Protein chains: 2
Amino acid sequence: MKNITFLIALCMVFGCNPKKPSTEPSLQLSNQEKVDATNIKQFFDAALTDGKSYEWLRDLTSNVGGRLSGSPEAQKAVEWGEALMKEVGLDSVWLQPVMVPHWVRGSKEVANYSINGQQKDVPICALGFSVATPKDGVTAEVIEVKSLEEAEELGTKMEGKIVFFNRPFDNTLINTFKAYGGCVDQRVQGAAVCGKYGAKAVIVRSMTNGLDDYPHTGTMSYGDLPKEKYIPTAAISSRAASILSADLKNNPSLKFYFKQQCETLPDAPSFNVVGEIRGSETPENIMVVGGHLDSWDLGDGAHDDGTGIVQSLEVAYLVKKNNIKLKNTLRVVFFMNEENGTRGAKKYAEMSKMNNENHIGGIESDAGGHTPRGFSIDANETNTALVQSWKKLLAPYGLHDLDKGGSGADISPLKGEGVTLVGYRPDSQRYFDYHHTSTDTFDKVNKRELELGSASMTSLIYLMDKYLYSNTPVKL
Amino acid sequence: MKNITFLIALCMVFGCNPKKPSTEPSLQLSNQEKVDATNIKQFFDAALTDGKSYEWLRDLTSNVGGRLSGSPEAQKAVEWGEALMKEVGLDSVWLQPVMVPHWVRGSKEVANYSINGQQKDVPICALGFSVATPKDGVTAEVIEVKSLEEAEELGTKMEGKIVFFNRPFDNTLINTFKAYGGCVDQRVQGAAVCGKYGAKAVIVRSMTNGLDDYPHTGTMSYGDLPKEKYIPTAAISSRAASILSADLKNNPSLKFYFKQQCETLPDAPSFNVVGEIRGSETPENIMVVGGHLDSWDLGDGAHDDGTGIVQSLEVAYLVKKNNIKLKNTLRVVFFMNEENGTRGAKKYAEMSKMNNENHIGGIESDAGGHTPRGFSIDANETNTALVQSWKKLLAPYGLHDLDKGGSGADISPLKGEGVTLVGYRPDSQRYFDYHHTSTDTFDKVNKRELELGSASMTSLIYLMDKYLYSNTPVKL
């Protein structure tokens, strides 16, 4: 018996027995929980062997691509979504009209500066809602700051200058969304603060954990600033930001040049895409599951938020495929305009109120399509504890994180007494590598990770349907 | 206040406050545990802001590349490892000689068959230890089977035929290593079974979850078979396997051709690379941390097991950087020849026994460099429970899985009464996309995921050093 020991060693290590494949760890469950565990396993089995989300996402990203609100691609995405919901066989599918902001990037941005006689080109992109530079661009000295407070302190010293926000992510935060949350004020509010004091323009370090060569776009706001004080603002790649910062130490009077031709056009007509499976017992109670259909224009919007869209529809697909009769109505919503306006979210909540609808809960998937980690729960104490009590049913699938927290920008307007809103939370480590850049493309999505997410969300919808508000429907 | 609502919405969703960045969730801890939590946080902070593993891995994969036992690249990897351990400043570094198998692939394999007048080329690669085909290749009819049992039942009906093992992964298993464990007997033992009954050759579906175009190599064994019955065996890509299976249904008598020129040369001299930080109180007690330095030849051995190597050394780096004085000796081992022989593991255990060394525990990282999920514990009940009691210290870093199970092929020979062996368990979803193929390259590794693994392992070493056997050292 020579090399056969390899197989034995392998089996020792991984506990494998080819004749009797290992099963997942068993749990101590009540009879009722065993029924739930069986149903949940069916969702995962179906997603992993017959999931459709990956091919749907391939189709969306390759045949529609980036789909910024108001663009022809966004309209194509609406048509794509409506057709797909019908194909899945939802009981009803409709478009919900909404007017959306219509910002366009214009021709590719350019930036550079010279130091020691050498020109350095800088990867740059305009931020959403920014105004253009003058036709020939802006050129000015640069003041580097690390915060809005530091900029405020500078006051009118920034007149005629380009202010450069360069506070990097705090990489010690395990959840990268927290690092994003700790930095994004620079991108969103930088131009509003600096326009007030007469700065010529604002550039900001891209919102990412690492050093890369891609500018990461995103929305910004001029806040209360009068229109004549609007100044152009753009993101530069994180590596370029680090290099510029070093160069400024050697040559504080270097002149930075950039040009962008973006423009905010009049609001454009668009739609949320909505479909539902009508509840069998209390159809007036609605559970919503959704993500956003729009994306930034630089990449294909694969992780942000193509994955959320296809996972949300796959929830309905898995419910139907497994012949689960939900008591409450399951509504799938592809929200329009999350990235720059959340007009779709506002419209959906407004129409829900107008129609006196009763949302009992919802799940939003807008944190990428990586491997499942859990859910973030925005609910009252009772319902939070109820969701957390399902942990032993969810943990075998890697869903350990069931903390209180936000749900998502699209469903949070539905918040109300007794409403249980949940954000799907996949692993966040890779998310800001791709977020809002040209690299947010289909090849960054892993099929199994995506499908595990769909099944995770379906499992939670199943449990919410069965246990949440089963006796106490609450009006929004 | 126009678009400023975006920022507010964002903060609602992610709980961000730019002035007061959110901290990680707090836990109810004893004073002693608070000390431990502080030290553990230091490991993570240091890994995520000053980690070296990613650049080490870039160096190994780009300047050494694939490093099959006995190859010049494996020798280069030994020199690389020794130099790097010295650079990190371990107290002592040495090479442990070991003779390893020396199998070489030879020129690129070729396979094809014709159906309906159309030739289909098949991505194929020889399995480690396989013999070559005759110089002009083999051509024969194909019998498809799904298991070793099915092949045994065929018996001499397979004479002169190519037997095609085509049982795919069970994709419903959440842990993909279990799916691997449930299939790999086909690859390891297929040729031994079929050689016995006079088959001409064996081909096997690649060991992967998905459908891809890459053949996945790996080791095989002829077991007790007499040499004259050795038959050539190779893996074909999973997609090719599915297509061949369909084609065989239409044309059961199609003839499959393949050619490979691999060869097993005489055993070659090589080394384990070993380094240690001597314990400050009980240096005779050894905690080992390691991975394997050899890899398959098709890719760069990034995830298998470059990540394990650099993470293991980063444990020592983080211990030193954070000025942690370990009571017991920390030994870092880059094991040679895990992939086809585990001779390094056997040699290390043999030398340990000969030198009457006392290993109290160890961690092996050989399951890829993806995001941390936990550890698999191979220890007695008491020590298993002790490791599991550290869960609240580890869970904030995504380390929830602390189940009993195997450790790894390289450290498991150290198993003994009272020895606590642990396998590092990162997320497994993507692992078999790259495993043993040409796509196992540096670009598939994420910097933060890799560094989180190093810090996870360092944290466990810290806890093992402090609490395991502190009063009861046990001889191996």
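This is a predicted model, so every value here is computed, not measured. Labels below follow one simple rule: chain letters A, B, ... track the order of the sequence lines, proteins then strands, and each chain is numbered from 1.
- The part of B:Asp427 that comes within reach of chain A is its side chain, from C-beta onward, which places non-hydrogen atoms under 4.5 angstrom from that chain.
- Taken to the nearest 0.5 Å, the CZ atom of A:Phe165 stands 7.5 Å off from the OG atom of A:Ser147.
- Put simply, of B:Gly210, B:Gly398, B:Gly423, the one with the most heavy-atom pairs under 4.5 Å next to chain A is B:Gly398.
- Look at A:Arg343 and A:Asp267 and you find a salt bridge, because one of the NZ, NE, NH1 or NH2 atoms lies within 4.0 Å of a carboxylate O, short of that distance.
- Counting only N and O atoms by type, the side chains of B:His370 and B:Gln429 include no donor and acceptor under 3.5 Å apart.
- Interface remark: A:Leu421 contributes no atoms to any contact with chain B (heavy atom separation under 4.5 Å).
- We find that B:Glu55 and B:Arg58 are joined by a salt bridge, their nearest charged nitrogen and carboxylate oxygen being less than 4.0 Å apart.
- Looking at B:Leu452, only its side chain comes within 4.5 Å of chain A, counting heavy atoms on both sides.
- Side-chain contact, B:Arg373 with A:Thr371: a donor N or O sits under 3.5 Å from an acceptor N or O.
- Heavy atoms closer than 4.5 Å to chain A are found in both the backbone and the side chain of B:Asp45.
- Of the atoms belonging to B:Thr49, it is side-chain heavy atoms, and not backbone ones, that fall under 4.5 Å from chain A.
- With a threshold of 4.5 angstrom between heavy atoms, A:Asn446 approaches chain B through its backbone and through its side chain.
- Here B:Thr439 pairs with B:Tyr214, B:Tyr434, B:Thr437, B:Lys444 under the side chain to side chain contact (heavy atoms under 4.5 Å, CB included) rule; sequence neighbours left out.
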